[in-house]
There are 2 protein chains.
Amino acid sequence: MRAESAGAFEPNCPSRTVLDHVMSKWGVLVLVALTDGTARWGALRRNVEGISDKMLASTLRTLEADGLVERTAYPEVPPRVEYALTPMGEQLMERMMPLMQWVLANADAMVGAGRAQPASAS
Amino acid sequence: MRAESAGAFEPNCPSRTVLDHVMSKWGVLVLVALTDGTARWGALRRNVEGISDKMLASTLRTLEADGLVERTAYPEVPPRVEYALTPMGEQLMERMMPLMQWVLANADAMVGAGRAQPASAS
DNA sequence: CAGCATCCATAGGGATACTG
DNA sequence: CAGTATCCCTATGGATGCTG
């Protein structure tokens, strides 16, 4: 390492924690699902295919605690709750989306394929 | 989702797999450790603090299978093995590093802090 | 609708010991 | 040096059922 990211290698660096939240299986997908704007619980549940109530709940709570996602509950009946990225969350996603899009574009070539050439990008 | 990343939400989309490898706890750190160039097993082991032999081995094998990391063994004694990013891996990291750096810069403000303001970036 | 609580299975991952 | 093999444990996370 040329030191720019040295901190990430220390086990108790806060970045490790954030990284684990943000880069987790469901964390990424939930964040991506919110990049388009506010979404309700049910929408997220449907959008992020395969996620369970439990995982959606805990993922959202973690991201909220990290200050990346904001939760707004409306005192109505039936209940309505909306989730949105905070300014922090949006900054994060600005940097995450290019990565996501590259992965999406190249995933097919990678899985199993091994030595495929990158789809002329960059 | 405005559809650009729609594929990521389907459970059996290849991107899910790649994402899980690349965004995994040790996957990111190993990849980051390789962004400076070729590194030997021992160097990675020491550099990525906290990783075990087992995890380093399996992480490297996974990334190699994904075509992101290249393994070169030299038929010497004592053995020497070097790992490096493939062109694919480098493209990936070009998009990963900005994210990493942002996380490193903002992690302190996030963990626990919750609603901290982003460090004027973007 | 939006969740939290509970139970439970699996696999992620650590520690240790051994090998080419 | 660069791994592999084994044991074992905990935390992740799925399924189900209940509540405000």
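Fair warning: this is a prediction, and the values are worked out from it, not measured in the lab. The chains referred to below are lettered A, B, ... by the order of the sequence lines, with proteins before strands, and numbering in each begins at 1.
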Subject >> Met23(A) CE - dG12(C) P separation (whole Å) >> reply: 18 Å
Original post:
Trp26(B) side chain: which of dG14(C), dG14(D), dG3(D) is closest?
Top reply: dG14(C)
Original post:
What is the bend of the helix from dC1(C)-dG20(D) to dG20(C)-dC1(D) when you compare the axis at one end with the axis at the other, using five pairs each and rounding to 10°?
Top reply: 60°
Subject >> Selection from dC1(D), dG14(C), dG14(D) that lies nearest to any side-chain heavy atom of Lys25(A) >> reply: dG14(D)
Subject >> Value in whole Å for how far the P atom of dG13(D) lies from CG of Leu60(A) >> reply: 14 Å
Subject >> Rounded distance (Å) that lies between atom P of dA11(D) and atom CE of Met55(A) >> reply: 14 Å
Original post:
Between Asp20(B) (CG) and dG13(C) (C1'), how many Å, whole number?
Top reply: 16 Å
Original post:
How does protein contact run along nucleotides 15-20 of chain D, one letter per nucleotide 5' to 3', with B for base contact, S for sugar-phosphate only, - for none, heavy atoms under 4.0 Å?
Top reply: B----B
Original post:
Can you check the Leu56(A) CG to dG14(D) P distance for me, whole Å?
Top reply: 11 Å
Subject >> Those residues of residues 70-77 of chain A lying under 4.0 Å from DNA chain D by at least one heavy atom >> reply: none
Original post:
Backbone N or O of Gly67(B) within a donor-acceptor pair of the Thr86(B) side chain at under 3.5 Å?
Top reply: yes
Subject >> Closest approach of Leu29(A) to Ala8(B) (non-hydrogen atoms, all atoms of both residues) >> reply: CD2-O, 3.5 Å
Original post:
So do the side chains of Met23(B) and Leu99(A) get within less than 4.5 Å of each other, counting heavy atoms only?
Top reply: yes
Original post:
Are the side chain of Arg71(A) and the backbone N or O of Glu82(A) linked by a donor-acceptor pair below 3.5 Å?
Top reply: no
Original post:
What's the CH2-C1' distance between Trp41(B) and dG20(C), to the nearest Å?
Top reply: 14 Å
Original post:
How would you label the contact of Arg45(A) with the nucleic acid (heavy atoms, under 4.0 Å): base, sugar-phosphate, or nothing?
Top reply: nothing
Subject >> Asn106(B) side-chain N/O to Trp102(B) backbone N/O, donor-acceptor pair under 3.5 Å >> reply: yes
Original post:
So, for Phe9(B) and Asn47(A), which heavy atoms are closest and what is the spacing to 0.1 Å?
Top reply: CB-O, 3.3 Å
Original post:
Is it true that atom CD of Glu90(B) has more than 12 heavy atoms of other residues, nucleotides or ligands lying nearer than 6.0 Å?
Top reply: yes
Subject >> Least distance between heavy atoms, Glu10(B) atom then Arg16(B) atom >> reply: O-CG, 3.5 Å
**OP:** Between Ala57(A) and Pro78(A), name the one whose nearest nucleotide on DNA chain C is closer to the 5' end.
**Re:** Pro78(A)
Subject >> Any Val32(A) side-chain heavy atom under 4.5 Å of Val48(A) side chain >> reply: no
**OP:** Quickly work out the Glu64(B) CD to dA2(D) P distance and round it to whole Å.
**Re:** 15 Å
**OP:** Kindly compute the distance separating CE (Met93(B)) from CE (Met100(B)), expressed to the nearest 0.5 Å.
**Re:** 7.0 Å
Subject >> Ile51(B) side, atom CD1; Lys25(B) side, atom NZ - distance, nearest 0.5 Å >> reply: 9.5 Å
**OP:** Give the rounded distance in Å between these two atoms: CZ of Arg40(A) and P of dG3(C).
**Re:** 10 Å
Subject >> Minimum-distance pair of heavy atoms, taken over all atoms of Asp53(B) and Trp41(B) >> reply: O-CH2, 3.7 Å
